[in-house]
Amino acid sequence: MFKAPRGTQDILPEDQNHWRVVEAKATEVCRLFQYKRIDTPIFEQTELFLRGVGEGTDIVEKQMYTFEDRGGDRITLRPEGTAPICRAYIEHGMHNQPQPVRLYYTGPIFRYERPQKGRMRQHHQFGVEAIGSSDPVFDAQVIDLAWRFYRSLGLKGLTLQLNSIGCSDCRPDYLAALGYYYSDHVNNLCPDCSMRRLRSPLRLLDCKNASCQDTVTGAPRILDYLCQPCGSHFEELKGYLDKRRIGYELNPYLVRGLDYYTRTVFEIQPAEVRGQSAIGGGGRYDNLIEQLGGRPTPAVGFATGLERIIMNLQNQGIRSEDVWVGRKVFVVYADEAGKREVLAIAATLQDNNISATFTSGDYSLKSQMRQAGSSGSPWVIVVGQDEVSKDSVVLRNMAKGTQEETSLGNAIKQIGRQRPSDWPVDR
RNA sequence: GUGGGCGUAGCCCAGAGGCUUAAGGCGCCAGGUUGUGGCCCUGGAGAUCGAGGGUUCGAAUCCCUCCGUCCACCCCA
């Protein structure tokens with residue numbers, strides 16, 4: 001039997017309400033902030049990610065879906081959203097527009113990983129980018145947007161972790177200090193950290209290994225090494241967040257896995273931290289556009305995983321309602337004469353913007369009613385020989401268990417009068 | 001990529017070498033007399049016991065391999 005490939009999943013009809021609501025909230029908050037949608041291809045030249053994400057990162061080293069196409073080009077399914085958008089910014093000359101250019105996207109992301117709950121080979125992200133300004137007000141706006149997005153979904157217990165990892169001026173000084181410090185602790189490092197010390201020293205800081213924790217605690221802190229411009233950038237950002245009353249935790253050990261980040265980095269963590277901690281994250285990437293061949297262009301962005309959001313919505317028992325509840329009708333037939341009318345009745349309802357369905361095959365009236373009941377339709381219309389000859393229908397209110405014989409036009413009026421407070425619970 | 005747990009009908013699961021013709025619940029289907037759902041009652045369909053190989057007179061039950069899934073590490077969304 002065929003199965004969905006490892007690390008992928010079908011999003012079934014019963015989960016779609018969550019997905020549609022999350023997407024709707026994402027586009028709604030972006031409209032509110034006047035960020036414009038952009039869609040880029042789901043595959044790009046491999047080189048874009050090699051240069052954008054960084055050769056030494058896990059993503060590039062072992063997580064990319066890369067293949068050669070029939071023309072011999074090296075192609076990679078996008079493992080993240082920011083580099084493609086920067087490519088589009090450069091390619092379409094967006095530096096000629098008022099800066100920063102503010103964009104958002106949503107769609108599938110591919111990483112070859114060992115799947116777990118909340119960690120898949122194909123997942124979906126929603127992200128925003130503000131490209132072309134180094135002003136910390138945009139770091140704050142991106143965080144503000146993210147925060148409003150989560151709040152609009154009703155997610156509780158989120159925490160914002162915040163840090164600055166400096167720029168190409170001050171980070172080398174810090175790395176030197178860090179290297180000097182760690183050279184005294186080489187013997188009590190875990191094997192992973194021994195590797196990190198040489199290859200990506202910043203990531204020494206978020207090792208969870210107990211034996212390394214003490215070493216991390218005594219390590220120099222990057223915030224003490226920020227150059228003056230980075231320091232005041234960070235102070236300004238915190239000022240904006242304070243003024244917006246967005247709470248954050250300063251986390252001097254927060255380091256992100258992609259090489260392009262500069263200055264601001266942040267992560268949003270859900271209430272129940274199990275395994276995969278972050279539900280979303282982002283930061284500033286002032287050198288990326290230049291690395292990709294554009295002119296020097298500072299930028300800041302944020303991305304969040306939709307599967308993880310939905311997991312958290314479900315954990316917190318948050319329902320996503322079907323907006324059509326209340327305007328849904330199930331048409332059932334009592335006999336052959338009625339059966340012949342079912343499609344036309346449904347069509348008339350649909351002409352009046354009422355959602356309508358019916359069943360087929362040889363289901364008994366009783367069985368059709370059962371199906372209508374479990375479909376969650378608040379209304380049922382019954383037709384048979386009697387109604388056909390009188391040009392009427394039976395309109396049944398499923399919640400009340402009452403029904404009346406009336407014209408189809410009158411039935412439509414009644415359904416249209418249904419108020420949201422009268423809606424039954426969706427199923 | 002490393003280590004570990006688990007894989008029995010669409011879903012949740014019992015069974016731990018012969019008494020299993022693999023049990024139960026949810027869901028599905030049909031009935032409980034005339035054209036009506038949700039509760040209840042009765043009946044029914046649905047399982048190559050994840051796949052392949054091995055041990056044995058006999059395997060869902062033991063062994064091996066693979067696949068899938070979950071957990072930890074790694075890392076991230």
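Bear in mind the structure is a predicted one, so any value in this text is a computation, not a measurement. Sequence lines set the chain letters: A, B, ... in the order given, protein chains first and strands last, and positions in each chain run from 1.
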- Item | Residue closer to the 5' end of RNA chain B, A/A4 versus A/G384 (nearest nucleotide) | A/G384
- Taking the nucleotide of RNA chain B with the closest heavy atom to each, which residue, A/P5 or A/E267, is nearer the 5' end? A/P5
Can you tell me how far [atom2] of [N] sits from [atom1] of [X], to the nearest Å?
X      : N     : atom1 : atom2 : value
A/M64  : B/C75 : CE    : P     : 18 Å
A/I279 : B/A77 : CD1   : P     : 12 Å
A/K366 : B/U42 : NZ    : C1'   : 12 Å
A/L204 : B/C74 : CG    : P     : 13 Å
A/Q63  : B/G1  : CD    : P     : 12 Å
A/I59  : B/C75 : CD1   : C1'   : 9 Å
A/Y112 : B/C74 : OH    : C1'   : 15 Å
A/Y150 : B/A77 : OH    : P     : 10 Å

- Query: Quick one: side-chain contact (heavy atoms from CB on, under 4.5 Å) partners of A/F43, sequence neighbours excluded?
  - Reply: A/I75, A/L77
Take atom [atom1] in [N] and the same atom in [M], then report the distance between them in whole Å.
N     : M     : atom1 : answer
B/C12 : B/C49 : C1'   : 16 Å
B/C29 : B/C74 : P     : 49 Å
B/G37 : B/A47 : C1'   : 31 Å
B/U36 : B/G24 : C1'   : 32 Å
B/G10 : B/G5  : P     : 28 Å
B/C19 : B/A30 : P     : 36 Å
B/U21 : B/C64 : C1'   : 31 Å
B/G32 : B/G46 : P     : 23 Å

Once you apply the 3.5 Å cut-off to both distances, tell me the Watson-Crick or G-U wobble partner of [N], or none.
N     : result
B/C40 : B/G32
B/U65 : B/A51
B/A77 : none
B/A22 : none
B/A72 : B/U2

Examine the base of [N] for any acceptor or donor lying under 3.5 Å from a partner atom in the side chain of [X], and report the outcome as yes or no.
X      : N     : result
A/Q269 : B/A77 : no
A/R119 : B/C74 : yes
A/Q368 : B/G35 : no
A/K3   : B/G50 : no

For [X], which contact category applies under a 4.0 Å heavy-atom criterion: base, sugar-phosphate, or nothing?
X      : result
A/D386 : base
A/G338 : nothing
A/R256 : sugar-phosphate
A/Q9   : nothing
A/Y363 : sugar-phosphate
A/L258 : sugar-phosphate

- Message: Does the Lys NZ or Arg CZ of A/R121 fall within the cation-pi geometry relative to A/Y112 - under 6.0 Å from the ring centre and within 45° of the axis?
- Response: yes
- Message: I'd like to know if A/E44 and A/R87 make a salt bridge, using a cut-off of under 4.0 Å between side-chain N and carboxylate O.
- Response: yes
- Query: Using a heavy-atom distance cut-off of less than 4.0 Å, which residues of residues 79-88 of chain A contact RNA chain B?
  - Reply: none
- Verify the neighbour count for atom CD of A/Q34: are there more than 12 heavy atoms of other residues, nucleotides or ligands below 6.0 Å? no
- Task: Please check if atom CZ in A/R31 has more than 12 non-hydrogen atoms from other residues, nucleotides or ligands closer than 6.0 Å.
- Result: no
- Compute whether any side-chain donor of one residue and acceptor of the other, for A/E113 and A/Q63, lie under 3.5 angstrom apart. yes
- Between A/T304 and A/Y150, does any side-chain donor sit less than 3.5 Å from a side-chain acceptor? yes
Nearest-nucleotide pick for [X], side chain only, options being [options]:
X      : options             : result
A/R114 : B/A77, B/G38, B/U2  : B/U2
A/A278 : B/G68, B/C74, B/A77 : B/A77
A/R6   : B/U69, B/C75, B/G35 : B/U69

Does OP1 or OP2 of [N] have a side-chain N or O of [X] closer than 4.0 Å?
X      : N     : answer
A/R370 : B/G38 : yes
A/Q116 : B/A72 : yes
A/T57  : B/C75 : no

Whether the side chain of [X] engages the backbone of [Y] through a donor-acceptor N/O pair (distance < 3.5 Å, no angle test) should be reported.
X      : Y      : value
A/T262 : A/D286 : yes
A/T76  : A/R78  : no
A/R327 : A/S355 : no

- Task: Please indicate yes or no: is the ring centre of A/H124 less than 5.5 Å from the centre of the six-membered base ring of B/A77, with the two planes inclined by under 30 degrees?
- Result: no
- Can the ring centroids of A/F126 and A/F149 be said to lie less than 6.0 angstrom from one another? yes
